[in-house]
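Computed from a predicted model, the values in this text were never measured in an experiment. Quick note: numbers below take in every heavy atom, side chains included, and nothing from hydrogens, waters or symmetry partners.
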Amino acid sequence: MTITTIGLDADDTLWHNERFFRVTQDRFAELLQDHTPPDLDRPALERRLLAAEKRNLGRYGYGVKGFTLSMIETAIEVTDQQVPAAVIQELIVAGQMMLSYPIDLLPHAQEAVTQLAANHRVVLITKGDLLDQERKLAQSGLGDLFDAVEIVSEKTPEVYREIFNRHGDGIARAMMVGNSMRSDVVPPITAGGWGTYVPHGEIWELEHAEPPDHSPRYNAIADLSQLPQLVSRIEKDRPAL
């Protein structure tokens, strides 16, 4: 077979995630509306929060905990250190709520992973907080379908090469599937593998990238129901390596 190993992203590929960040960001803006200068409107506040998130990725990594700390840091900055302690407490509670939201699988996730796992090695490859990602996987009911789980700090070509060397037959026989062009599609293709884009809802601004339309190893599908058929077509149309 051309492809022997399938990597799948978790958040907003297998289950809903970004919508909880959006809800919490709305709560953040609501809590600060009476404590910020009149000239700091909602878009400007969101830009300040995004800048803090980007600045803090190297310190806290991806996930809810880093997002919560970035909200607190931004609240302190935009209020010139005058934000009430009660608001800080509410932001902490909002972050804690994000760590307890139930897992809601996206359409076709269960069926697609089950079908692929019958004939391929299937690896979950995700960024984020270790404990939170483990919780979500356990609650998803998909855990037993995966041959391996990799929770990484970044998704780079080097990371993909290393993962697919350990859990498969190398990057050339591997496909990565996810909703982030920047993290799930471009790096595995750069490394020499396949990348498949599955769009879903709003994408965090820091995950945007141009699609690698020039690459013959790039594909886009409407949803996960099309993934098994895509893999079969590639394996049928291309000679074995």
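Among residues at least two apart or in separate chains, side chain to side chain donor-acceptor pair (under 3.5 Å) pairs with a member in residues 71-81 are Arg55-Glu73, Arg55-Glu77, Asn56-Glu73. For residues 142-154, the side chain to side chain donor-acceptor pair (under 3.5 Å) pairs, not counting sequence neighbours, are Tyr62-Glu154, Glu150-Arg166, Glu150-His167. Annotation: ring pair (Phe, Tyr, Trp, His ring centres under 6.0 Å) contacts involving residues 29-53, sequence neighbours excluded, are absent. Judged as a side chain to side chain donor-acceptor pair (under 3.5 Å), the pairs with a partner in residues 83-94 (not counting sequence neighbours) are, in order, Arg27-Glu90.
Taking the side chain to side chain donor-acceptor pair (under 3.5 Å) definition, one finds that Asp41 meets it with nothing, sequence neighbours left out. Taking His200 as the reference, His16 meet the ring-ring contact (aromatic ring centres under 6.0 Å, His included) condition, with sequence neighbours excluded. Every residue two or more places apart in sequence or in another chain was checked for a side chain to side chain donor-acceptor pair (under 3.5 Å) with Asn165, and none qualifies. Among residues two or more places apart in sequence or in another chain, the ring-ring contact (aromatic ring centres under 6.0 Å, His included) test is passed with Tyr218 by none. Residues satisfying the side chain to side chain donor-acceptor pair (under 3.5 Å) criterion with Trp15, sequence neighbours excluded, are Asp11. Evaluation of the ring-ring contact (aromatic ring centres under 6.0 Å, His included) rule for Tyr160 yields no partner, not counting sequence neighbours.
Val177 is not listed as a side-chain neighbour of Asp9, based on a closest heavy-atom distance of 4.5 Å or more. A heavy-atom distance below 4.5 Å is not found between the side chains of Met181 and Glu210. Residues Pro212 and His214 are in side-chain contact: their nearest non-hydrogen atoms beyond the backbone lie under 4.5 Å apart. Proximity of Arg233 to Asn219: side-chain heavy atoms (C-beta onward) are separated by under 4.5 Å at one or more points. Inter-residue side-chain proximity for Asp184 and Leu8 is flagged as unmet; no heavy-atom pair is nearer than 4.5 Å. In this structure, the side chains of Val122 and Leu145 stay at 4.5 Å or more apart for every pair of heavy atoms.
A donor-acceptor pair under 3.5 Å is absent between the side-chain atoms of Ser232 and the main chain of Gln229, judged by distance alone. The backbone N or O of Ile125 sits less than 3.5 Å from a side-chain atom of Lys155, completing a donor-acceptor pair.
Note on Arg121 versus Asp169: salt bridge recorded, some NZ/NE/NH1/NH2 to OD/OE distance being below 4.0 Å. Salt bridge status for Asp26 with Arg22: absent, with no side-chain N to carboxylate O gap under 4.0 Å. With respect to the salt-bridge test (charged N to carboxylate O, under 4.0 angstrom), the residues Glu207 and Lys127 qualify.
There is no side-chain donor-acceptor pair under 3.5 Å between His120 and Gln115. Side-chain polar atoms of Thr126 and Gln133 form a donor-acceptor pair below 3.5 angstrom.
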Inset, instruction - Begin with the C-alpha distance, continue with both residues' side-chain angles, and end with the deciding distance and a verdict on side-chain hydrogen bond (donor to acceptor under 3.5 Å, both in side chains) for Asn179 and Thr13. - result: CA-CA 6 Å; Asn179 74 307; Thr13 297; 3.3 Å; yes

Donor-acceptor contacts, no H, no angles, side chain residues 94-113, under 3.5 Å, sequence neighbours left out:
| unit_1 | atom_1 | unit_2 | atom_2 | d |
| --- | --- | --- | --- | --- |
| Ser100 | OG | Met97 | O | 2.9 |
| Asp104 | OD2 | Arg19 | NH2 | 3.0 |

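By the 4.5 Å side-chain criterion applied to Ile, Leu, Val, Met, Phe, Trp and Tyr, Tyr60 is assigned to a cluster that also includes Leu69.
For the ring pair (Phe, Tyr, Trp, His ring centres under 6.0 Å) with Phe67, the lone residue among Trp204, Phe21, Phe20 that qualifies is Phe21.
Shown here is Gln33, whose CD atom has more than 12 heavy atoms of other residues, nucleotides or ligands within 6.0 Å.
When all heavy atoms are compared, the tightest approach of Ile189 to Gly195 is CG1-N, 3.5 Å.
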